[in-house]
Amino acid sequence: MSSKNSQRTEPGGAEQNEELNKKIKEQKIVVDELSHLKKNRRVYTQQPNSNIFFLADKGETLSACKKDLDNMRKEYQDI
């Protein structure tokens, strides 16, 4: 009961929680897709604030996505 009350007293707490949960689900899908690609497939990453994509290393991209997922999970647990 106390956890529900604390979410109600914080403005936007529930919305922030739902948004972070949505991002975690999206990141899980990205990690899963990258980990199941064939070895000869190419991976491209989008530059921030741009519509330009560059060829990237699959292993580096996968590890970066896993780190992002771990950080999101830690943040979600802290909420």
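All values below come from the heavy atoms of this structure, side chains included, with hydrogens, waters and symmetry mates left out.
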Which residues pass the side-chain hydrogen bond (donor to acceptor under 3.5 Å, both in side chains) test with Asp78, sequence neighbours left out?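 Result, side-chain hydrogen bond (donor to acceptor under 3.5 Å, both in side chains) vs Asp78: none returned.
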Spacing of [atom1] belonging to [X] relative to [atom2] belonging to [Y], to within rounding of 0.5 Å:
X	Y	atom1	atom2	value
Arg42	Leu37	CZ	CG	13.5 Å
Glu19	Ile24	CD	CD1	11.0 Å
Asn40	Lys58	CG	NZ	9.0 Å

Side-chain donor-acceptor pairs of residues 61-76 under 3.5 Å, sequence neighbours excluded:
unit_1, atom_1, unit_2, atom_2, d
Thr61, OG1, Asp57, O, 2.7
Ser63, OG, Gly59, O, 3.4
Ser63, OG, Glu60, O, 2.9
Asn71, ND2, Lys67, O, 3.3

May I ask you to decide if Ser50's main-chain N or O and Gln46's side chain share a donor-acceptor pair within less than 3.5 Å?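 Present.
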For Tyr44, what are the other residues in its hydrophobic cluster, where any two members join if their side-chain heavy atoms are less than 4.5 angstrom apart?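 Under the 4.5 Å side-chain rule, Tyr44 groups with Phe53, Leu55.
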Do Asp32 and Lys28 touch side chain to side chain, with heavy atoms closer than 4.5 Å?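 When only atoms from C-beta onward are counted, Lys28 and Asp32 do not touch, as no gap falls below 4.5 Å.
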Does Glu33 have more than 12 heavy atoms from other residues, nucleotides or ligands lying within 6.0 Å of its CD?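 No.
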